[in-house]
Asks: 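My questions will all concern the structure given below.
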Amino acid sequence: MLGGGGSSALTWCWDFYVHKLGLYSVYTPLAKFCEGIPWPTAGFRPAEVKIGFSKPQPPAEPKDLVIPCSGSGLPQLEGVCKIDPSAPPEGLGRVYLYGVAQKDQQKPITFELRCAGPTQMILNIGRVWVLGILEIKLDGNPILRKELPAGPPGEGPWKKAEFSEQWKIWASDYDLDIPIDVPAGEHQVELYNAGRDGITIDRITLPRYVTETAPPVRAVGMVGANLAILWLQNKASDWGTIAERAEITPARDVRVTVAGIPLGPCEVEWWNTTTGEVANREKLTADATGLALEVPVLEEDVACKVRYGTAAQR
């Protein structure tokens, strides 16, 4: 809702999970936060935020970047894709390399990399139809050509396979990692399928690639005439991490600057997203760059309301 949606996200299996297990209370904190917000008249627009540190930080070691590239509903990646190590993408889209069977779409996909040091680009091969031939160029120079055939189960290096009665062809699932050595500096990696049918890349991994200069925090919100609403999430605190009960590294010394808030005093309410209660209130002042909000420790997520102008004077 804080991203401009008409409602909260809806649960597909509401009858089995939410209703049967009595999980309606999970929505209560959101309902409490949204109560009284003048949605039609607030003049909301997407918040422009800058995320940084409130204190100088020691140099950080480069981190691995893992980008999923498969899944239903993803747009097809085309042309040139730049992967910025200081602002890495969370997803790229579907990486499907068409073969001769779709001649009009048989085009290369190129990745622009900026590597702080020597690394690898590890391509995880997913499904292959009939026969794929993966060709890879580094800065225009061919470095790899690998045939990836498809066939019945147990007759090749694939993990499983299925036959399409409609098209009379085999599709094989590989789950095969293909590493490419990439030197330090700026480089282009071009992927092309010279085979008969398609190849999917399910995952791309770049070890020791990420050199983020900002905290690992996601910010979503809206700014209106007298009210701004914001949700801050520690990126490490996603549903997978929570479901696996994995340890979450807190984000520390976070400063979020919200643009578009007029000069002057502001009243800030910090909300606990688990209980739906106000955890803290503070008075701050917006300057020419906007309003700077400081979060010393962000373990999971937090929401806030900022009132200013006439709303702050009431």
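Numbers here simply count residues along the sequence, with the first being 1.
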Asks: Looking at Lys107 and Glu78, is there a salt bridge between them, counting it only when a charged N and a carboxylate O are closer than 4.0 Å?
Replies: no
Asks: Would one find more than 12 heavy atoms of other residues, nucleotides or ligands at under 6.0 Å from atom CZ of Arg196?
Replies: no
Asks: Do Val130 and Trp170 have side chains that approach each other closer than 4.5 Å (heavy atoms only, starting at C-beta)?
Replies: no
Asks: Identify whether the distance between the nearest side-chain nitrogen and carboxylate oxygen of Arg145 and Glu135 falls below 4.0 Å.
Replies: yes
Asks: Give a yes or no on whether Trp167 atom CH2 has more than 12 heavy-atom contacts from other residues, nucleotides or ligands under 6.0 Å away.
Replies: no
Asks: Would Lys305 and Glu267 pass as an ion pair if we require N to O under 4.0 Å?
Replies: no
Asks: Going through the checks in order, is the side chain to side chain contact (heavy atoms under 4.5 Å, CB included) test met by Leu123 and Ile136?
Replies: CA-CA 11 Å; Leu123 307 174; Ile136 302 177; 3.8 Å; yes
Asks: So Val220 and Leu230, do their side chains get closer than 4.5 Å, heavy atoms only?
Replies: no
Asks: Is the ring pair Phe33/Trp271 parallel, tilted or perpendicular, if the boundaries are 30 and 60 degrees?
Replies: perpendicular
Asks: Could you tell me whether a side-chain N or O of Gln76 sits under 3.5 Å from a main-chain N or O of Tyr96, the two making a donor and an acceptor?
Replies: yes
Asks: Determine whether Asp64 and Val210 satisfy the following criterion, side chain to side chain contact (heavy atoms under 4.5 Å, CB included), listing intermediate values before the conclusion.
Replies: CA-CA 6 Å; Asp64 296 349; Val210 178; over 6 Å; no
Asks: Would the number of heavy atoms belonging to other residues, nucleotides or ligands and lying under 6.0 Å from CD of Glu299 be above 12?
Replies: no
Asks: So Gln120 and Asp181, side chain to side chain donor-acceptor pair (under 3.5 Å) or not? Walk me through it.
Replies: CA-CA 5 Å; Gln120 288 184 323; Asp181 292 330; 3.0 Å; yes
Asks: Checking Ile180 against Leu138 for the side chain to side chain contact (heavy atoms under 4.5 Å, CB included) test, could you report, in this order, the C-alpha distance in whole Å, the side-chain angles of both residues, the deciding distance, and whether it holds?
Replies: CA-CA 9 Å; Ile180 306 158; Leu138 178 63; 5.6 Å; no
Asks: Other residues, nucleotides and ligands only: do more than 12 of their heavy atoms fall within 6.0 Å of NZ on Lys55?
Replies: no
Asks: Can you sort out the partners of Arg45 under side-chain contact (heavy atoms from CB on, under 4.5 Å), two or more places apart, ordered by chain and number?
Replies: Val223
Asks: A side-chain contact here means heavy atoms from C-beta on lying under 4.5 Å apart; do Glu282 and Trp270 qualify?
Replies: yes
Asks: Please say whether more than 12 non-hydrogen atoms of neighbouring residues, nucleotides or ligands are located less than 6.0 Å from OH in Tyr17.
Replies: no
Asks: Is there side-chain contact between Tyr192 and Ile133, with at least one heavy-atom pair below 4.5 Å?
Replies: no
Asks: Are any non-hydrogen side-chain atoms of Val258 and Leu293 less than 4.5 angstrom apart?
Replies: yes
Asks: For the CD atom on Glu48, are there more than 12 heavy atoms of other groups (residues, nucleotides or ligands in this structure) within a distance under 6.0 Å?
Replies: no
Asks: Within the 4.5 Å heavy-atom criterion, are Val18 and Val26 side-chain neighbours or not?
Replies: no
Asks: Stepwise, does the side chain to side chain donor-acceptor pair (under 3.5 Å) test hold for Tyr174 with Thr200?
Replies: CA-CA 10 Å; Tyr174 271 74; Thr200 66; over 6 Å; no
Asks: Would you confirm whether Tyr308, through its side chain, and Leu227, through its main-chain N or O, come within 3.5 Å as a donor-acceptor pair?
Replies: yes
Asks: After noting the C-alpha distance and the side-chain angles of Ile109 and Leu97, does the key distance pass the side chain to side chain contact (heavy atoms under 4.5 Å, CB included) rule?
Replies: CA-CA 8 Å; Ile109 297 176; Leu97 298 171; 3.9 Å; yes
Asks: Identify whether the distance between the nearest side-chain nitrogen and carboxylate oxygen of Asp202 and Arg127 falls below 4.0 Å.
Replies: no
Asks: Just verifying a value: how many Å separate Leu65 CG and Asp84 CG, rounded to the nearest 0.5 Å?
Replies: 10.5 Å
Asks: Looking at side-chain heavy atoms only, is the closest gap between Leu144 and Ile178 below 4.5 Å?
Replies: yes
Asks: Does the side chain of Gln57 come within less than 4.5 Å of Asp253's, by heavy atoms?
Replies: yes
Asks: Taking atom NZ of Lys63 as the centre, does the number of heavy atoms from other residues, nucleotides or ligands within less than 6.0 Å exceed 12?
Replies: no
